[in-house]
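As structure tokens, the structure follows; a few thoughts come after it.
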Amino acid sequence: MASVMLSEAEKLYIVHGVQEDLRVDGRGCEDYRCAEVETDVVSNTSGSARVKLGETDILVGIKAEMGTPKLEKPDEGYLEFFVDCSSNSPELEGRGGEELGTDIANTLYRVFSCENSVDLKSLCINPKEHCWVLYVDVLLLECGGNIFDAISIAVKAALFNTRIPKVRVLEDEEGTKEIELSDDPYDCIRLNVDEVPCIVTLSKIGYRHVVDATLQEEACSLASLLISVTSKGAITSMKKVGKGSLDPESIFEMMETGQRVGKSLHIALQKILDEEENLGTSRPKVGFLG
Amino acid sequence: MPLDHRRLRGPEESQPPALWASAAAEDEEDEEGAGAAPRDPCALRPLFARAGLLSQAQGSAYVELGSGTKVLCAAWGPREAAEPGPGRLICEFRRAPFAGRGARGRPGAAAEREAEREAAAALREALEPAVRLGRYPRARLAVSALLLQDGGSALAAAVSAAALALADAGVEMYDLAVGCALCRPPAPAASWMLQPAEPEERRAAARLTLALLPALNQVSAVLGGGRGGPPEDWAQALRLGLDGCHRQYPVLRQSLLRAAQRRDAAAAA
């Protein structure tokens, strides 16, 4: 991960501030930075979203393609994640960026491994033969700390924005398959994102933990806990990252905080997505120029 | 023998016949499982640990769990590294091609290598807090774990074996890292079970692996996923796992002591 060099005095300043529930930019320990979410920024995809959380900038594009279902689950579609970090900084080019990318992709696979996060049965066209495969491609445009949270918000927004065309595969007498697409371009399947979880990263600094750490705060924290929370408050995955160890009591506290923060994050995100949806085509598009 | 491509070309991908025979066989299995007495969720399976068995490696350990998981681990002490900076711990996790219960995947397959790399990263996460890397500047410590048979809780056993191997190699550590796995069956109000066997793990709705440094009571790794539920359920699972780790600790310490005694006896003789 891109890192910042901090002197001991700066680290001490950050740690002492966190003890008093006051971070360098004035936030409390459980406050997120100002986030901008915009969907439908890339027109060649089935769904896309861009999230700017402070300095961190993530772009997610989802393409829905027809494929064959997996052998163990013949009546479900599936998701494939790919994360690209190379545009970020010189130290992340080549091997370093690839490792970080696979690490993030594996985390996303684990977060979405819970069966009811996305309704995979709605992605099935003909059992055992055709299904929709959603290729979720994440681009890390700028790393400003707390990339996992931003990526999960972007993935949820992009899934909400995804429009999959309605398709029927007909087989005639000779056995040739014919794909029938409906004539109306707006006739499509939308995904239900109520159960999609969001990742909340809690970094341990001193004796307290903070949500949404900046790069400087990440440099002061030895251990963090990544929790993925659904909008109803259920936790779907947990992972500890970092070189340090955690006290069991801290883990329990972090889980409580993560659930609380995750629920309010979901409410705020859903409100914004619904507002965008209601504006429809009259929404002013900002894209990359704003 | 090299493949003769002019002859019958088999399909590019082959699948195990068990996938199609599953319907009848699984019913039998389920009945057997339900008929047997339900397992005590807090029961720890018997654990066998032995350190100092490989002569070529500086430190080694073998851990076997009652459910059939066998892990062999070797560790090499500090070697000089080219890059300046604090010491680094390099972990490797390999699965034997015959380790899994299902079909033998091709050993070089991409999915296989991905899973191994992920497990190696998890192993490193679990061991780094335990090793005093500050005492080995500009050095590389290598640990290599080989899973001989997967009977469930493989990563947890690998963590225990790797910590034992590092301690056997004489690397300075704060404490031994003890690994423990839990899983929760798909039934609606099921409780978490310690150290699942392979069929239980496959059918589980949620899994959790954790590593603990028992003497310091610090958790060095948590890795879990699935439909766990509210934080209270996960907290309960964590407590059960921590208790399991504490109970396994004396066995591992005993095996280290015995290995040291054996080494002394061999040196004296």
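Just so it is clear: chains get the letters A, B, ... in the order the sequence lines come, proteins before strands, and each one is counted from 1.
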Neighbour count above 12 (heavy atom, 6.0 Å) for [X] [atom1]:
X: R140(B); atom1: CZ; result: no
X: R138(B); atom1: CZ; result: yes
X: R260(A); atom1: CZ; result: yes

Requested in this report: Please step through side-chain contact (heavy atoms from CB on, under 4.5 Å) for the pair M238(A) and L223(B), ending with a clear verdict.
Outcome: CA-CA 6 Å; M238(A) 282 211 303; L223(B) 190 61; over 6 Å; no

**Report entry** Side chains of L133(B) and K243(A) in contact at under 4.5 Å (non-hydrogen atoms)
**Finding:**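 Heavy-atom side-chain distance check fails, nothing below 4.5 Å.
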
**Report entry** Heavy-atom check, side chain of D247(A) versus side chain of Q218(B), under 4.5 Å
**Finding:**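 In short, these two side chains touch, coming nearer than 4.5 Å.
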
Requested in this report: Could you tell me which residues satisfy side chain to side chain donor-acceptor pair (under 3.5 Å) with Y78(A), sequence neighbours excluded, listed by chain and number?
Outcome: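 Side chain to side chain donor-acceptor pair (under 3.5 Å) list for Y78(A), sorted by chain: empty.
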
Query raised in the report: By ring-ring contact (aromatic ring centres under 6.0 Å, His included), which residues pair with Y32(A), not counting sequence neighbours?
Result: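 None.
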
**Report entry** Residue-level contacts of residues 117-130 of chain B with chain A, using a heavy-atom cutoff under 4.5 Å
**Finding:**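 Contacts with chain A: E118(B), E125(B), E128(B), P129(B).
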
**Report entry** Residues of residues 230-240 of chain B with any heavy atom under 4.5 Å of a heavy atom in chain A
**Finding:**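 From residues 230-240 of chain B, the residues near chain A are P230(B), P231(B), E232(B), W234(B), A235(B), L238(B), R239(B).
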
Query - L226(A) versus chain B, the contacting section by heavy-atom distance below 4.5 Å - result: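 The answer is neither part of L226(A).
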
Query raised in the report: With a 4.5 angstrom heavy-atom cut-off, which part of T102(A) approaches chain B: side chain, backbone, both or neither?
Result: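 It is the side chain, since no backbone atom gets that close.
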
Report task. Identify which of S117(A), S245(A), G258(A) forms the greatest number of heavy-atom pairs closer than 4.5 Å to chain B. Result ->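 Winner by heavy-atom pair count: S245(A).
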
Requested in this report: Name the member of A234(A), G233(A), S113(A), P248(A) that forms the most heavy-atom pairs with chain B at distances under 4.5 Å.
Outcome: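 Answer, by heavy-atom pair count under 4.5 Å with chain B: P248(A).
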
Query - Trace of the side-chain contact (heavy atoms from CB on, under 4.5 Å) decision for N116(A) with R227(B) - result: CA-CA 8 Å; N116(A) 46 6; R227(B) 203 164 8 109; 3.5 Å; yes

**Report entry** Atom pair OG1/NZ of T209(B) and K239(A) - distance to nearest 0.5 Å
**Finding:**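 Atom-to-atom, T209(B):OG1 and K239(A):NZ are 12.0 Å apart.
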
